[in-house]
Amino acid sequence: MTHRPGPALLVGFVPDEDPALEPTVHIHSHDEHVVPYDIMRWFVEQVTEQVERCRAAYAQENPGTVE
């Protein structure tokens, strides 16, 4: 299972329209939740991979604009 029912606790926002904008991680919760380190590390790795894919795609469409 890759998704669980209910609202998302962690959301990675990766702006794909401008690679100069920094990705952000949003934590949605009304109560305190503990996110195990291994899960948070996995999540950040997934966000990092998405950032790299978006920046590569942007660079192909707009050569010379991404460092």
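All residue numbers in this chain count up from 1 along the given sequence.
- Both Met40 and Val14 are part of a single hydrophobic cluster, where members link through side-chain heavy atoms under 4.5 Å apart.
- Residues satisfying the side-chain hydrogen bond (donor to acceptor under 3.5 Å, both in side chains) criterion with Thr48, sequence neighbours excluded, are absent altogether.
- Applying the salt bridge (Lys or Arg N to Asp or Glu O under 4.0 Å) rule to Glu61 yields no partners; only residues at least two apart in sequence or on another chain are considered.
- Partners of Gln50 according to the side-chain hydrogen bond (donor to acceptor under 3.5 Å, both in side chains) rule, which considers only residues two or more places apart in sequence or in another chain, are Arg53.
- Annotation for Val25 and Phe43: closest pair CG1-CE2, 3.8 Å, computed over non-hydrogen atoms.
- With values rounded to the nearest 0.5 angstrom, Gln46 atom CD is found 5.0 Å from Glu49 atom CD.
- Side-chain contact check for Val47 versus Phe13: every heavy-atom pair is 4.5 Å or farther apart.
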